[in-house]
Amino acid sequence: MLKTDVFTPSRFTGEGSITLRGAKIPYHTVSEDNVFYDDEGKPIASIFSYSYFRSDVEDLKSRPVIFAFNGGPGTSSMMVHVGFLGTKRVKYGEADDDGLPLPPYESCDNEQCLLDIADLVLIDPVGTGFGRLLDESKKDLFYGIEPDAESILTFIQAWLARYNRWQSPKYLVGESYGCTRASTVAGMGSLSGSDRAYSVTFDGLIMIGNTVSVGNFFADKKPVYPAVLAFPTLAAVHWYHNHPSEQTVEEFVAEAKQFADTEYLLALYQGNALQGEAREHIIERVIYYTGVSREYLEKRALVVEDVEFRAEVARNKGRSVARLDGRITRPQYAPLLDEQQLGIRDDAAEGKYNAFFQAVLCGELFPLLGIKWDRNFVNSHSLWASWNNDIKGRNTSQSLSAAMRRTPTMRTFFINGWYDICTQIGILYYTLDHSDLPMERVFVKGYEAGHMAYLGEKNIQAVTDDMYTFIQGGNPTK
């Protein structure tokens with residue numbers, strides 16, 4: 001990774017106020033390097049954190065702390081920071097306005113911020129954002145499911161000690177791979193890491209765009225037809241673009257899932273043995289629920305593949321939908337290329353928002369936090385390509401289940417966008433049905449959104465209202 005600076009541990013402070021839910025909230029911030037050292041005292045890596053503290057709180061023991069991060073692996077906290085958690089955020093327009101937002105980018109005070117009820121800690125893991133890997137020979141200590149989780153736990157321990165917050169309620173908020181990270185952190189915190197105990201428990205986890213898995217790792221194949229797991233999401237995206245029914249998206253998806261779990265699953269199992277009227281019935285139902293063409297189904301033996309689906313569902317408009325957010329489209333390329341061939345960086349949703357978010361973060365928020373230096377901010381570093389996915393003990397769903405059973409008051413809230421083709425809600429349903437989680441303490445809710453469920457003025461309000469209820473101890477699904 002190219003560097004434009006020499007690493008020097010730094011710390012910045014700021015202060016401000018914001019009106020949240022009718023009350024003026026004074027706060028102060030600390031943004032700082034959290035350095036890891038080798039046995040000789042040489043710095044080898046740094047996690048960078050942005051901490052928001054409400055300034056007029058006397059009883060810190062009962063004051064919750066939210067630790068939040070994005071995913072990747074290799075992604076900074078930028079999206080959750082200026083997307084919905086920080087005191088300043090992007091100002092959202094229409095999800096798919098047929099064009100990229102261009103400078104000047106609009107921002108606004110984040111009236112949905114949760115700082116009135118909890119202090120906030122945004123985390124740039126090693127190698128992301130302002131976080132740095134200083135010794136390449138030590139990358140194996142940080143770049144993998146378990147090493148990454150242990151570095152985050154070590155940071156959290158140090159932060160709790162530094163700010164005397166060990167007795168505060170603690171929450172993890174993870175997005176995308178951040179869900180894998182959060183479940184692994186929770187499991188290690190309540191049980192043990194590779195060679196030590198951490199003894200950090202969490203009151204709750206909030207998972208946005210689930211990657212918790214019953215497989216060996218987050219991208220592991222599921223022991224069931226992928227087309228069946230994807231079906232609820234494909235139905236939702238079809239509903240959004242083509243309106244095949246007067247039902248709500250929740251009603252249409254529920255009906256589609258019931259079909260996929262029963263008739264469609266059996267049809268795929270039967271394969272060529274399915275003939276005549278029975279086969280015609282399946283074809284008609286799949287077309288109705290997903291919007292793909294008869295020609296497509298005939299060529300694919302009734303299997304709807306989610307990459308090809310993105311060019312199928314809006315083909316009549318000459319558009320292809322985004323993997324991260326099926327509401328967002330771009331013109332179809334000719335010949336029939338797709339994001340899979342060109343790489344995920346060509347995803348229409350990522351192309352739409354990355355520059356927007358980074359401009360607001362670096363140009364608006366960092367000055368408010370007192371961050372003034374020349375260090376290059378790395379929004380995303382493609383660590384996933386060489387990430388160590390080995391897990392010595394439990395898989396991520398087992399890790400979460402063990403943590404929740406070891407801590408009988410721990411709760412988990414899964415947030416998923418109906419139009420998220422990247423981390424499909426059908427996979428979440430399957431995971432919950434096969435993970436042995438204590439479901440009386442698990443909450444699941446779908447939103448009219450994509451992978452980043454908070455995108456859009458309506459969505460950010462809905463998501464943060466539900467998070468507010470969850471952190472206050474209520475049921476966010478009611």
Side-chain angles (χ1 to χ4, degrees), residues 4-5 8-34 46-57 63-70 75-93 101 103-125 128-132 159 162-163 173 175 353-380 452 454-455 457 460-461 463-464 467-468:
T4 59
D5 53 80
T8 302
S10 300
R11 187 175 191 266
F12 306 94
T13 60
E15 60 181 24
S17 65
I18 186 171
T19 299
L20 302 173
R21 286 162 274 277
K24 187 175 182 179
I25 308 298
Y27 66 90
H28 60 281
T29 63
V30 179
S31 305
E32 59 191 334
D33 281 299
N34 303 267
S46 173
I47 285 176
F48 198 84
S49 61
Y50 315 82
S51 302
Y52 293 76
F53 303 92
R54 181 168 175 169
S55 301
D56 59 354
V57 175
R63 171 80 171 163
V65 181
I66 296 173
F67 296 94
F69 33 73
N70 273 93
T75 302
S76 71
S77 62
M78 179 181 78
M79 292 296 185
V80 294
H81 199 164
V82 292
F84 74 105
L85 279 177
T87 55
K88 179 77 71 174
R89 67 169 174 85
V90 299
K91 187 175 181 180
Y92 296 113
Y105 300 107
E106 289 191 78
S107 64
C108 61
D109 286 344
N110 183 14
E111 296 178 351
Q112 293 79 24
C113 181
L114 300 173
L115 188 57
D116 52 341
I117 62 167
D119 290 336
L120 310 171
V121 184
L122 288 304
I123 301 171
D124 287 344
T128 76
F130 285 138
R132 289 293 182 267
W159 190 97
R162 184 181 311 139
Y163 296 107
V173 175
E175 178 178 283
Y353 283 110
N354 265 1
F356 188 0
F357 275 60
Q358 185 153 346
V360 171
L361 180 72
C362 297
E364 298 259 2
L365 188 57
F366 286 166
L368 293 179
L369 301 179
I371 298 176
K372 298 178 181 178
W373 59 357
D374 294 329
R375 186 182 297 183
N376 187 34
F377 182 84
V378 182
N379 163 35
S380 182
M452 296 177 286
Y454 45 83
L455 290 187
E457 297 299 327
I460 189 175
Q461 190 68 60
V463 167
T464 52
M467 289 176 62
Y468 187 99

Which label fits Tyr353 and Phe356: parallel for a plane angle under 30°, tilted from 30 to 60°, or perpendicular past 60°?
parallel
Are any non-hydrogen side-chain atoms of Arg375 and Asp33 less than 4.5 angstrom apart?
yes
Could you tell me whether the side chain of Met78 reaches within less than 4.5 Å of the side chain of Leu122, counting heavy atoms only?
no
Checking Tyr52 against His81 for the ring-ring contact (aromatic ring centres under 6.0 Å, His included) test, could you report, in this order, the C-alpha distance in whole Å, the side-chain angles of both residues, the deciding distance, and whether it holds?
CA-CA 11 Å; Tyr52 293 76; His81 199 164; 5.7 Å; yes
Measure up the Tyr92 and Phe357 rings against each other and bin them: parallel (under 30°), tilted (30 to 60°), perpendicular (over 60°).
tilted
Only one of Leu365, Leu361, Ile460 clears side-chain contact (heavy atoms from CB on, under 4.5 Å) with Arg89; which?
Ile460
Hey, is CD on Glu457 packed in by over 12 heavy atoms from elsewhere, all under 6.0 Å?
yes
Could you go through Gln358 and Val82, starting from their C-alpha distance and side-chain angles, then the distance that decides it, and tell me whether this counts as side-chain contact (heavy atoms from CB on, under 4.5 Å)?
CA-CA 9 Å; Gln358 185 153 346; Val82 292; over 6 Å; no
Which pair of non-hydrogen atoms, one from Arg54 and one from Asp56, has the smallest distance, and what is that distance?
NE-OD1, 2.7 Å
Trp373 versus Thr8, side-chain donor and acceptor atoms under 3.5 Å:
no
Tyr50 and Ser31 have their tightest heavy-atom pair at CD2-OG, 3.7 Å
If you take all heavy atoms of Glu364 and Leu368, which pair is closest and at what distance?
O-CG, 3.4 Å
Check the orientation of His28 and Phe53. Use parallel for under 30°, tilted for 30 to 60°, and perpendicular for over 60°.
parallel
Is the Phe12 to Phe130 ring centre distance short of 6.0 Å?
no
Compare all side-chain heavy atoms of Asp119 with those of Tyr163 and state whether any distance is below 4.5 angstrom.
no
Val90/Tyr105 under side-chain contact (heavy atoms from CB on, under 4.5 Å): CA gap, chis, key distance, verdict:
CA-CA 8 Å; Val90 299; Tyr105 300 107; over 6 Å; no
So does Glu111 have more than 12 non-hydrogen atoms from other groups sitting under 6.0 Å from CD?
no
For residues Ser17 and Tyr27, report the shortest heavy-atom separation together with the two atoms involved.
N-CE2, 3.5 Å
Are any of the side-chain nitrogens in Lys88 or Asp109 under 4.0 Å away from the carboxylate oxygens of its partner?
yes
The test is side-chain contact (heavy atoms from CB on, under 4.5 Å); show your working for Arg21 and Ile117 and say whether it passes.
CA-CA 11 Å; Arg21 286 162 274 277; Ile117 62 167; 5.8 Å; no
Assess whether side-chain contact (heavy atoms from CB on, under 4.5 Å) is satisfied between Leu85 and Tyr454, documenting all intermediate values.
CA-CA 10 Å; Leu85 279 177; Tyr454 45 83; over 6 Å; no
Nearest heavy-atom approach of Ser76 to Phe377 is OG-CZ, 3.5 Å
For a quick test of reading the model, state the closest non-hydrogen atom pair linking Asn110 to Phe84 and the distance between them.
ND2-O, 2.8 Å
